[in-house]
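In what follows, a structure is listed as structure tokens, so that the remarks can point back to it.
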Amino acid sequence: MSSQSFIEKLDAIDRRWIFLLMALSVGIPIFVIGITGTRFPESPTPTSLATFETIEALPEGARVLMSFDYEPASAGELQPMATAFVRHLAHKKAKIYCQTLWAAATPLIEQTLRTCVIAQHPEWIYGEHFVNMGYQSGNEGVMKVILTDYKQSFPNDYRGTPAAEIPMLADIVNTSSFDAIIVVSAGYPGSKEWVQYVVSPTLTSEKPTKLVAGVTGVSAPQLVPYFPTQLKGMLAAIKGAAEYEFLVNQAVEARNPGVKIPAQFMDAQRRMAPQLFGHLLMVGLILVGNTIFFARRRAARLALA
Amino acid sequence: MNQKRTWTIILSVAAILLAIRTFTGPGMGKVYVENSNKAFIEVNGKWVEAPVGTTSAVSWVKEIGTTPGAYFAANAVDANQSVIHLSTSRTLGVWIAALLTLFIFSFLYRDNPFYKFAESTIVGVSAAYWMVVSFWDTLVPKLFGKLAPNFVAEHFMPNIKRETDYWLLVPVILGVMLLCRLVPRAAYLGIVPLAFIVGTTSGLKFVSYIESDLLAQTASTMKSLAVVGDGGIEVGESIKQVLLFVGVIAGLVYFFFSVEHKGIVGKTARVGVWYLMITFGAAFGFTVMGRIALFAARCEFLFDDWLWLIDPTGRRAIADAVEIAVPALLL
Amino acid sequence: MNRQIALLVTLVSGVLMVLSGFLIPTQSWAEDVAEWFNVLASIAFVLGAANLAKIHLSKISSRDEGWGFSAVTLIAFVATLAIGFLKIGVAPLETAPLVSMSGEKDGEGSAFWWLYTFVMSPITATMFSLLAFYVASAAFRAFRAKNVEATLLLVAAFIVLLGRTFAGVVLTGWIPDSLSFLRLENLSTIIFEVFASAGNRAIIIGIALGVAATSLKIILGIDRSYMGSGD
């Protein structure tokens, strides 16, 4: 076969072969890592480091609002972040207030609290150390209300208990009552709206609201302009999750020497292996595609000459 | 034809491997639950956990998800135990979830009825899901609970505050008018609630976009180009600040279409285009990262939860130990 | 008349939201109005769902092509609604065991939770992951370094793809510390925090001006396109 006809054939390749390559380049590493348990080391980027430091600097008993603004479709990317956030907060003995503006997120909140709080800190009391305020509709309408009156928008918790009967809500007036806000978001409404409606109005106040976010790869570049003024930290995509997870585990190990970190708290770090091979495939495909492009262009020019 | 044969072989091999996996090893796709007995009695008007053996208690059994490892461990101690047991509904659920996952992936080969079935299912389930969640989480506590608190307290939310607020009839009226959009003859009534939604949203956006995206973002750009640290001017950080400043200005010039892009404006706009191209390149890279992460999570579900081929979180770790230990003990 | 009322409603609700950002006495009114808005947003879900049912019912009744799949959608819709509204398989609250419908609608083990976990989650998550494949195919076919702009885009994507994985460390880890900014992982950070930040900031500022102008036009009744044809 001449090189030209090979290039023609390669250019006309059925896309399903590319799909198969993608499936293998992600599937095989998952299989191998799943058996061997190997992980790559992480070197945190500034946005992840700033996220970690913001939470790390909170005092014991700090009140932290965490909004789970995503649904199962994005959980592959965002759940490891949510897990690491709640785990870090629990480790810092912060008071955790969970809520969501996405209808399909309440089971994710429950699952995260079960894994990171109830299973790890059985002595913690619901309503005193952590609470699930559930979902409220209205998107930025809800943000507008909680900016001045949190309990008007969230009058009850997820189980229908009135806010007045939940001890940890006694001193919560509005979003400024929280020492920090964490948003894990997949789109609209999400981190951008939290910056616009909750953080920005307080920027010139005595106590500007501290917001850190965990976001999907798709929305990360759109949010980076807000860092570090309006967003104190940001976890960008699964890599950000892996870096933060690594930092949290390191902090837990440093404070509890000899402790064994359960594998379920290394989800993002584990997934960096399939990520690596997936990215390499993408780079390879772009290179081959361009080689074809330049070879054909050269051939066309030669033919004209 | 040749290609079709190749794909048939690949898919057949996958099907055979799946069949082999189904009938070998310690099983696959099974979900176990732990029974938790709940019993309560009323004491001084409050319901508290009943002591074991209380006959008058209101009781039920709650099934809490557990790991296969916990089941194997419990069975190794007492083979007749029934506290941790197989959950038929959840096991069926994992198999259905796996099949639906494969149905969606089948679209990569070509459009087919399996994919269409899964797609049609999710449209119906999602629409109803959002409606149900809105009903129970917003409408019941915040609307019905304010208009008919006693009814809501007796039937749905016993702890709710028994206060009425008839101002909430306003969104009810607007809501009814909104639903009129479904009836052609009364559709004109839907304009008023729509006007309310659009007006409120516009008002909210007007302030927030100016405050957050125009003023605060401009302020974040208009910073000293020379970044001063403890040891004097930080060259690296200063270069970054200059690049950032130039990029924002050049980008804005590119978006400014009232002036023809010629001369210095044209050159600046061209720099702006370069910045935007780098921005889109980065966005592409992050998008790829995100989508691969989602695919990796689905692969983990298939390999771990369904096929039990891998066990990265050690949920079945004890299974291997039991598999080796039990025959050894018997021998 | 109806349109005049609508314009007035838009003006009042819009102006109230704007004023509440500056005048403290109007804040509590704005809170109430925003709460109505939030409740109305919930009712809007009913409108969306009813619309969906209407479309699929008409497809079934007219036996349009693929009406069988419309039937699947409707069955899934009605079944989920019934399961969710009736709280099937939901245990009551422990503080009110006699109020049978007091429990969490999607508590673990309930039928609604089952639908969420085993039907909704896998389908939506897999649908989103399909793009990983299409983006690979598109990269192979369309991502060409045809000119300076396309090359910049391509190089930035390369650096991000390699720099955000362990590949970056392997490929450029040898670069001495004095030139460490040239390592792929650091270059990817510079691209993200400097170039992408600048580009997106220009976009954000541009959009902010556009949104502010459009919002003002809507509030003042100059833009009436949301009312449909005729204006």
Side-chain angles (χ1 to χ4, degrees), chain A residues 14 16 19-20 22 26-27 30-31 33-35 37 73-77 79 103-104 106 134-138 140-141 144 155-156 158 160-162 164-165 195-197 199-201 203 216-218 220-222 225-226 229-230 236-239 262-264 267 270-271 274-275 278-279 282, chain B residues 3 7 10 105 108-110 126 129-130 133-134 137-138 140-142 145 156-161 200-201 204-205 207-209 211-213 215-217 219-220 248 279-280 282-283 285-300 302-304 309-315:
Chain A
D14 189 330
R16 283 175 287 196
F19 294 166
L20 185 66
M22 178 52 87
V26 173
I30 285 179
F31 189 71
I33 297 288
I35 290 169
S74 306
E77 237 183 323
Q79 189 54 45
T106 41
Y135 162 76
Q136 283 306 329
S137 64
E140 53 268 67
K144 171 75 184 169
N156 315 290
Y158 172 60
T161 314
E165 291 174 23
V195 167
Q196 289 178 321
Y197 295 92
V199 176
S200 298
L203 278 179
T216 56
V218 177
Q222 295 153 27
Y226 297 116
T229 317
Q230 289 152 286
I238 194 77
K239 169 72 172 156
Q264 62 179 332
D267 276 358
R270 196 174 63 244
R271 287 192 199 143
Q275 207 70 39
H279 287 200
M282 288 297 297
Chain B
Q3 185 169 312
W7 278 109
I10 291 172
F105 278 140
L108 292 170
Y109 186 71
R110 66 161 174 248
S126 299
Y129 187 89
W130 290 324
V133 172
S134 289
D137 288 6
T138 301
V140 170
K142 286 166 95 172
F156 309 125
M157 298 178 75
N159 301 321
I160 200 170
K161 261 192 195 171
T200 311
T201 313
L204 284 170
K205 283 193 187 298
V207 179
S208 66
Y209 271 81
E211 196 170 38
S212 166
D213 288 10
L215 300 180
Q217 283 291 293
S220 297
V248 176
T279 304
F280 297 146
F286 274 96
T287 304
V288 169
M289 194 189 298
R291 299 306 173 173
I292 291 179
L294 298 182
F295 175 53
R298 292 322 294 155
C299 281
E300 269 198 10
L302 290 175
F303 291 173
D304 184 8
L309 285 174
I310 57 170
D311 189 14
T313 52
R315 290 182 305 160

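Letters A, B, ... mirror the listed sequences (proteins, then strands); counts begin at 1.
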Using non-hydrogen atoms only, which part of Gln222(A) is less than 4.5 Å away from chain B: side chain, backbone, both, or neither? neither
Can you name the nearest heavy-atom pair linking Met289(B) to Ala237(A), along with the distance? SD-CB, 3.5 Å
Part of Ile30(A) within contact of chain B (heavy atom distance under 4.5 Å): both
Less than 4.5 Å to any heavy atom of chain B: does that hold for the side chain of Pro155(A), its backbone, both, or neither? side chain
Calculate, to the nearest 0.5 Å, the distance between atoms CG and CD belonging to Leu204(B) and Gln196(A) respectively. 10.5 Å
Considering only heavy atoms, which portion of Arg298(B) lies under 4.5 Å from any heavy atom of chain A: side chain, backbone, both, or neither? neither
Once rounded to the nearest 0.5 Å, what's the spacing between atom CG of Leu108(B) and atom CE of Met22(A)? 11.0 Å
Between Pro201(A), Ala164(A), Ala75(A), Gly278(A), which shows the greatest number of heavy-atom pairs under 4.5 Å with chain B? Pro201(A)
Given a strict heavy-atom distance threshold of 4.5 Å, which part of Ala104(A) is in contact with chain B: side chain, backbone, both, or neither? both
Do Ser212(B) and Gln230(A) have a side chain donor and acceptor closer than 3.5 Å? yes
Is it the side chain or the backbone of Arg16(A) that comes within 4.5 Å of chain B heavy atoms, both, or neither? both
Between Phe19(A) and chain B, with a heavy-atom cut-off of 4.5 Å, which part of the residue counts as in contact: side chain, backbone, both or neither? side chain
Considering all heavy atoms of both residues, which atom of Gly27(A) and which atom of Cys299(B) are nearest to each other, and what is their separation? CA-SG, 4.4 Å
Part of Tyr158(A) lying under 4.5 Å from any heavy atom of chain B: neither
Could you tell me which portion of Tyr129(B) (side chain, backbone, both or neither) has an atom closer than 4.5 angstrom to a non-hydrogen atom of chain A? side chain
Between Ile10(B) and Leu20(A), the two heavy atoms sitting closest are CD1-CD2, 4.0 Å
Shortest non-hydrogen separation from Val133(B) to Ala103(A) and the atoms involved: CG1-O, 3.5 Å
Per-residue tally against chain B (heavy atom, under 4.5 Å) across Pro274(A), Pro262(A), Pro221(A), Gly141(A) peaks at Pro221(A)
Exercise: identify the closest heavy-atom pair between Phe286(B) and Ala220(A): CD2-CB, 4.2 Å
So which of His279(A), Arg270(A), Met282(A) has the largest heavy-atom pair count under 4.5 angstrom toward chain B? Arg270(A)
Nearest 0.5 Å, please: how far is CG in Asp137(B) from OG in Ser137(A)? 9.0 Å
Approximate separation, where rounding is to 0.5 Å, of Tyr197(A) OH and Lys205(B) NZ: 4.0 Å
For chain B, which candidate among Ile33(A), Asp14(A), Val195(A) shows the most heavy-atom pairs at distances under 4.5 Å? Asp14(A)
Rounding to 0.5 Å, atoms CG (Asp267(A)) and OG1 (Thr313(B)) come to a distance of 7.0 Å
Between CG on residue Leu294(B) and OG1 on residue Thr216(A), distance to nearest 0.5 Å: 8.5 Å
Please report the shortest heavy-atom distance between Ile35(A) and Leu309(B), naming the atom on each side. CG1-O, 4.5 Å
So which of Asp213(B), Val288(B), Val140(B) has the largest heavy-atom pair count under 4.5 angstrom toward chain A? Asp213(B)
Is Gln217(B) close to Thr229(A) at the side-chain level, that is, under 4.5 Å between some pair of heavy atoms? no
Residue from Ser134(B), Ser208(B), Ala297(B) scoring the most non-hydrogen pairs under 4.5 Å with chain A is Ser208(B)
Largest heavy-atom contact set with chain A, pairs under 4.5 Å, which of Ile292(B), Val248(B), Thr279(B): Ile292(B)
